[in-house]
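In this text the structure is predicted, and so the values were computed from the model without any measurement. We name chains A, B, ... by the order of the sequence lines, and we start the count at 1 in each one.
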Amino acid sequence: MRNLLFSLALFVSIFSTAPTVQAAVWETEQEWSPAWEDRYAEWIRLNWNKDFFARPGTAYTGLKLDCADVVYSMRIIFAYEHRLPFAMKDPTGGSKLITNSMARFDALGSPEKRIRAFLNFIFGISSTQSLPNDTVPLALSRDSIRSGSLILTDRKSHHSWTIRELQPTGLPSLIFSSRPPKTTLQVREGQPSLEFTFHGRPDLAPYGGFRGFRRIEDLSKPDWQSHGFSDEQFRIPPREWMQTVKKRLALSEESPDALLTRTLENACIGARERIEFINEGVAYLRGLGSERCLSATEYDNYSTPNRDMRLRNSFEELRDAVQALEGATNVSPELKATAEDVVKDAGSSRPAAARTCPVEIAPGRLLPLAEIYRRSLHNELSDNPHDPFAQRWGEQTGSSSRAKRCPKHE
Amino acid sequence: MSSSAKKTLLFLGGAAALACLWFSSPFPPASSHPPAAKSPRVPSLPASAPPPASGLAPRTSVNSESSLPLSGNSRAEIRRCLDLDPEKTPTSLETLIRQLVSENGETAKPYLKFKNVHLRLPSGEKRRLHLFSDSGPDGKPVLRLRIFSEDTEGLPVPLPVSPDLMINPAPERMLALEAEGTRELSEEALSLRTPSQMIDWTVRNGRITQLFWVGRERSLGCALSDHEECDCRD
């Protein structure tokens, strides 16, 4: 008996002096409050940039994210770094919330490994489809819509953006990603188009538009009982939506120069970003030889209809800005000339390199933005991945024989 | 030593021994590991199977919901909010949708937002199928399939999915996956949009748990899972 007691005492002693086992991804030591929400907004504004996941030496370095991953990450990382709780509904139908208290990653020793594993886990279960359960539509005010809010599209587009900063003009500075997931994020200045966000009808797209994360205690409540819920953005007639929202969120009017600068930048960035996506598609097609048609998944990977639609929207926005400022005297002549070079092809006598936003679509092949603008608005850019380089960029118009022969998976 | 003291010591000893074994084992329980991404546990189906359906063809028709009754409370709220004739108050989701859509001479097919199926496999393991509408690489809508097991906390553990099932899996292949075990939960969220209305609903184990309607400059939201609540807004 004495031996048994000695053994038990030894077991109990070992058990009680063993290091405490981590029982969470991170321990919650704070609670969300209006003050923490303010700090969260400020943290997003100051820290959230397109290289956030590309910076070396952090727990998040090299993670690859799609659009919804970016939205969830900002909330999770801030919560982790400040010991706040994180919770979301289980999109796979489970009745329990998914929280930072989950024990699955206990075996991973360091906090950095656990948060990285947790983020990858969330990336594997979340999507734009899960965002409506974890967020609510917001009122159209700068108190509600601010850094850290998000914009979600209607079901047709399946996209989301993080608001890094709401500009004094009422327009958001956005950070986002898209599929396939990438480490370096993308940026955009201004409100995405009504067509893309709401499929043209805010009144019929109650899950789209400006949204914010729900309080954890609201996750089990209906939308309309959640703190911060407002449906006013869905009650604005479609034709008035863009202007009304901009005015409601503005502290000052956007100056003509700011309008031209923003629309020019968006068009230029959109055209230059297209280069990488077309190059990937063309290289993949070349690797297949000249006969085989792409499968539905391959087609999906390398076609660009939505990207091309967004580029076209940015050109239309630039065109509308130039038209709106026709005859205006309070605009910088240089800036006006730069924009008219694109929209009116006003600098056509100059070489491409000397014109507005030259785009090097292939080594040594420079196109002025004006030419891409023209091709985009004339539907000469091909989104079909069966087309070779020349058709993709509108160097040759009409479909290639392969594009005619192979199925379009849309 | 009393017998109860002995029992207590024995219990403590057992617990301590188990705890020691737990911590000294080179193989902690599977659920405490991050998901492994090695051998696929989801069987690959023959390559000769039909290609996946393209686009977002509706997998569920309104007719298939005909057995979904609307409870008395929600019927009253729906009638009040939609200004329906009391004699024509729909008793099922199907008649409500038919009434709303057909009165405007509109037609539309429901669109699957997501579908969750929880299975208990013959081995006793739990399996979750999560099919949801998502964007493809260029933002085009696709149906994407994710498959999970479940850990001891009741949370999903991702399993590898064979590439031919990832995007737009063919309905017959989904049925084959669903037939691999006993169904413990079935949940579907659908949406239907006409030029003037949007109707959105979730069905869990054959019962409507959420209903949302927008149209005629009015909206109605109903949460019907535990206690029924509706919210009508002008």
Side-chain angles (χ1 to χ4, degrees), chain A residues 1 4-5 7-8 11-12 14-15 18 66-67 90-96 98 102-108 117 120-121 124-125 127-129 155-159 178-180 203-206 221-225 231 234-235 277 295-297 300-307 383 409-410, chain B residues 1 9 12-13 16-17 19-20 23 28 31-35 51-52 54-55 111 113-114 116 118 128 130 132-142 144 146 148 150-151 153-158 163 166-168 185 187 191 193 196-198 200 212 214-215 217 219 221 223 229 231 233:
Chain A
M1 190 64 198
L4 174 65
L5 283 173
S7 301
L8 281 175
F11 272 132
V12 171
I14 291 168
F15 181 55
D66 68 17
C67 61
D90 182 351
T92 72
S95 54
K96 293 181 179 170
I98 291 168
M102 66 184 289
R104 184 180 308 167
F105 306 111
D106 287 3
L108 300 175
N120 274 320
F121 166 64
I125 58 167
S127 68
T128 51
Q129 206 60 253
R155 62 178 172 89
K156 200 172 181 192
S157 306
H158 293 289
H159 201 43
S178 54
R179 281 188 178 272
D203 54 331
L204 297 182
K221 293 180 185 170
D223 274 16
W224 66 87
Q225 289 178 3
D231 62 355
F234 312 120
R235 299 178 175 278
F277 290 92
S295 68
T297 304
D300 195 41
N301 281 339
Y302 297 108
S303 61
T304 52
N306 269 4
R307 181 169 301 283
D383 60 38
H409 300 280
E410 290 179 326
Chain B
M1 186 180 285
L9 272 175
L12 272 174
C20 283
F23 292 121
S31 59
S32 67
H33 272 301
S54 65
Y111 150 96
K113 291 167 66 181
F114 67 82
N116 288 317
H118 291 192
R128 296 184 186 182
H130 177 50
F132 63 103
S133 174
D134 191 25
S135 55
D138 186 44
K140 286 181 302 177
V142 295
R144 196 177 294 278
R146 287 175 178 164
F148 302 88
E150 205 176 285
D151 70 9
E153 292 181 289
L155 300 176
V157 179
M166 275 181 192
I167 292 180
N168 294 331
L185 177 135
E187 182 182 47
S191 187
R193 182 164 154 173
S196 68
Q197 301 173 82
M198 197 281 304
D200 195 282
F212 195 80
V214 191
E217 298 181 346
S219 70
E229 294 174 86
D231 178 64
R233 286 169 188 250

side-chain contact (heavy atoms from CB on, under 4.5 Å) assessment of A:Q129 paired with B:D134: CA-CA 7 Å; A:Q129 206 60 253; B:D134 191 25; over 6 Å; no
When rounded to the nearest 0.5 angstrom, what is the spacing between [atom1] in [X] and [atom2] in [Y]?
{"X": "B:R128", "Y": "B:H118", "atom1": "CZ", "atom2": "NE2", "value": "4.0 Å"}
{"X": "A:R235", "Y": "B:R233", "atom1": "CZ", "atom2": "CZ", "value": "7.0 Å"}
{"X": "A:H159", "Y": "A:N306", "atom1": "NE2", "atom2": "CG", "value": "9.0 Å"}

Pairs of heavy atoms under 4.5 Å with chain A: top-ranked of B:E217, B:E229, B:E187, B:R146: B:R146
For chain A, the option from B:G215, B:A223, B:P156, B:G154 that forms the most heavy-atom pairs under 4.5 Å: B:P156
Residue B:L185 versus chain A: region with a heavy atom under 4.5 Å: side chain
Heavy-atom contact with chain B under 4.5 Å, split by part of A:D90: side chain
Residue part contacting chain B, namely of A:D223, when any heavy atom lies under 4.5 Å: neither
Top contributor to chain B interface from A:P222, A:P91, A:S95, A:S295 [non-hydrogen pairs under 4.5 Å]: A:P91
Heavy-atom closest pair, residues B:Y111 and B:S133: OH-OG, 2.6 Å
